[in-house]
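Below: one structure, written as structure tokens.
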Amino acid sequence: MPQTARLTIGKTEYEFPIVEGTEGERAIDIERLRAQTGLITLDPGYGNTGSCESAITFIDGEQGILRYRGIPIEQFEQHPNFGEVAWLLIFGRLPTEEEYTSFSTDLTEHANIDEAMKHHFEGFPRSAPPMAILSAMINALSCFHPEVFTLEDPDHFQMAAARLISKIRTIAAYAYRRSRGMSYIYPKPGLRYVPNFLHMMFSQPYQEYVCKDAVWDALNLVLILHADHEQNCSTSTVRMVGSSQANLFASCAAGVCALWGPLHGGANVEVLQMLEAIHQGNTTPEEFVRLAKQEDSKARLMGFGHRVYKNFDPRAKVLGRIAERLLAGMGTNDPLLEIARKLEEIALSDSYFIDRKLYPNVDFYSGIILRAIGIPTNMFTVMFAIGRLPGWIAHWWEQNETPGTKIARPRQIYTGNGATDYVPMNVRS
Ligand code: CMC
């Protein structure tokens, strides 16, 4: 295979190096393109642009493969431990027992938030979207932990990472409780990551929430399967903000905002609303699929399609299995699962979806699991954010530790007016 690419512009030929990743994916290194040719590339949506080299997560969208630090995500189904996966993503390998214990202790010790932070929650209306609160509170957190402004040494960084991973669930749980007019529930040091989160969400001062093992495993896996997905919109946002040397908390707060959109993390809410609309008889699976295919309709089959996967999203396969297992374990049934299976069956045998290689993605089944656990729909994207946080932190740190990292600053092709004179208001027509 050639190690360079040739580009001919007019009569001049230029040569650019080809970079190859460890799994054989290749890219033309155009870092010197503008310097050599005076031209830039135009790639709206960045579908053909590699913004960095990264050793965290590998995706093969054609074959439906997803690996964290080389480990296929399916293997975590037998080892559902979100804290361990967070450490793996951030530090590059599975932790030793000692490392894991120290990280878990940090997570436990830093679960509570400063009393003064609780006043910030009081300023939001009850109906405030939890993603807005989450982003604002993560940003506010840096005011209480100013050491995050200068994280040069790895030990400091580990402490900041653990603080954020721990406190995000406390913030999320209190955002939910405030919206219901319920009191703050203090974290309980004896509980692990997932049960402690569910305790802060659902316990009452007079009645403790008891986390069933099936729920614990299912939520651990939901978080793990959301933990990283290389250069997606929110992670790219975290890197973009971090590239200006903004601190870790500010960068992750920006990631929350990017995740909020319905084409990204917000899709899990839209999926549930779609399934509920069908269940309530407002539409049918067939009608919904027909509408999603219509060129002039804005409707899309939510939870279907992906920029990178042109095959099954491996996360959707695992999540489909977890949904079945959890409902069976709880001895319940959810008609929405049957509706989702029906939609999947119709879409996967329809040439529109086959030709465009549109398959269920991570958001298609996750909502059914969260709903079974009792998480309200408006908290679904918050759950995605809790899961994705270790990925954001891993990318922020990887970028921070890469020598020669530059501020991210794309260019553009200007299509506006040519030079135009200012016209005073009194003579404008
Ligand atoms: N339903 C109907 N048609 C679709 C869908 C869908 N869900 N997704 C893509 N298409 C069509 C689209 O209309 C276009 O058709 P045509 O070529 O005739 O114009 C073609 O497929 C390619 O779509 P695209 O929008 O150019 O693809 P993209 O890579 O820019 O978008 C996507 C990817 C995920 C935004 C899109 O598939 C989508 O909107 N899906 C629904 C929302 C969703 O489930 N988002 C969650 C994504 S996974 C988790 C995450 O990233 O947070």
Side-chain angles (χ1 to χ4, degrees), residues 43-49 57 59 61-62 64-66 73 131 134 222-239 254-275 277-278 283 285-320 340 342-370 377 380-389 391-392 395:
D43 184 20
Y46 306 133
N48 305 286
T49 298
T57 287
I59 302 177
E62 265 66 38
I65 293 173
L66 171 59
I73 47 121
M131 285 297 272
L134 190 67
V222 168
L223 297 178
I224 289 170
L225 292 169
H226 286 83
D228 192 41
H229 214 235
E230 46 119 305
Q231 310 309 320
N232 56 85
C233 178
S234 55
T235 304
S236 297
T237 301
V238 171
R239 276 186 175 263
V256 172
C257 294
L259 187 71
W260 193 356
L263 295 188
H264 193 9
N268 55 16
V269 174
E270 307 266 333
V271 171
L272 230 281
Q273 284 165 353
M274 169 182 82
L275 298 177
I278 295 171
T283 179
E286 290 77 7
E287 176 58 17
F288 204 96
V289 170
R290 194 190 62 73
L291 208 69
K293 295 191 300 181
Q294 223 168 274
E295 214 175 296
D296 56 354
S297 130
K298 283 208 171 127
R300 285 197 161 190
L301 184 52
M302 297 314 282
F304 253 72
H306 199 277
R307 171 64 59 80
V308 179
Y309 293 117
K310 301 301 163 203
N311 198 326
F312 259 95
D313 178 337
R315 300 168 299 176
K317 280 192 192 167
V318 180
L319 287 165
K342 181 74 187 163
L343 276 171
E344 182 180 344
E345 185 192 314
I346 298 171
L348 293 184
S349 53
D350 187 307
S351 60
Y352 175 95
F353 292 88
I354 297 170
D355 295 348
R356 289 169 181 74
K357 300 189 171 139
L358 302 170
Y359 292 87
N361 62 46
V362 68
D363 294 314
F364 198 64
Y365 288 107
S366 61
I368 294 170
I369 301 169
L370 296 175
T377 312
F380 283 8
T381 315
V382 170
M383 300 308 298
F384 194 151
I386 297 175
R388 182 57 53 91
L389 185 61
W392 291 337
H395 282 272

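Residue numbers start at 1 and run along the sequence shown. Note that ligands are numbered from 1 as they come in the structure, with each ligand's atoms numbered from 1 the same way.
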Does any non-hydrogen side-chain atom of Y352 lie less than 4.5 Å from one of L301?
no
Among all protein heavy atoms in this structure, tell me which lies nearest to atom 21 (O) of ligand 1, with the distance rounded to 0.1 Å.
R356 CD, 3.3 Å
Of M302, R300, R315, the one whose closest heavy atom lies nearest atom 31 (O) of ligand 1 is R300
Purely on distance, is any nitrogen or oxygen of H264 under 3.5 Å from one on ligand 1?
yes
Does the protein place any heavy atom closer than 4.0 Å to atom 26 (O) of ligand 1?
no
Protein residue, atom and distance nearest to atom 29 (O) of ligand 1, heavy-atom basis:
R307 NE, 2.8 Å
Heavy-atom proximity to atom 3 (N) of ligand 1, picking from F304, Y352, Y359, points to Y352
Counting only heavy atoms closer than 4.0 Å, does ligand 1 sit against the backbone of K293, its side chain, both, or neither?
neither
Per-atom contact, atom 52 (O) of ligand 1, protein heavy atoms, under 4.0 angstrom
yes
Any side-chain heavy atom of S366 within less than 4.5 Å of one from M383?
no
Are side-chain N/O atoms of T57 and D228 paired as donor and acceptor at under 3.5 Å?
yes
So is L358 polar-close to ligand 1, meaning N/O to N/O under 3.5 Å?
no
Ligand 1 contact by A292, heavy-atom criterion under 4.0 angstrom
yes
Identity of the nearest option to atom 35 (C) of ligand 1, non-hydrogen atoms only, from L301, L263, L291, D363
L263
Using 30° and 60° as the class limits, which term best fits the ring planes of Y309 and H229: parallel, tilted or perpendicular?
tilted
Using non-hydrogen atoms of the residue, decide whether V362 is closer than 4.0 angstrom to ligand 1.
yes
Does ligand 1 have an atom under 4.0 Å from some heavy atom of F364?
no
Among all the protein's heavy atoms, is there at least one whose distance to atom 10 (N) of ligand 1 comes out below 4.0 Å?
yes
Is there a side-chain contact between F288 and L291 (heavy atoms, below 4.5 Å)?
no
Centroid separation under 6.0 Å, is that true for the rings of F304 and F353?
yes
Counting only heavy atoms not in Y46, do more than 12 fall under 6.0 Å of its OH?
no
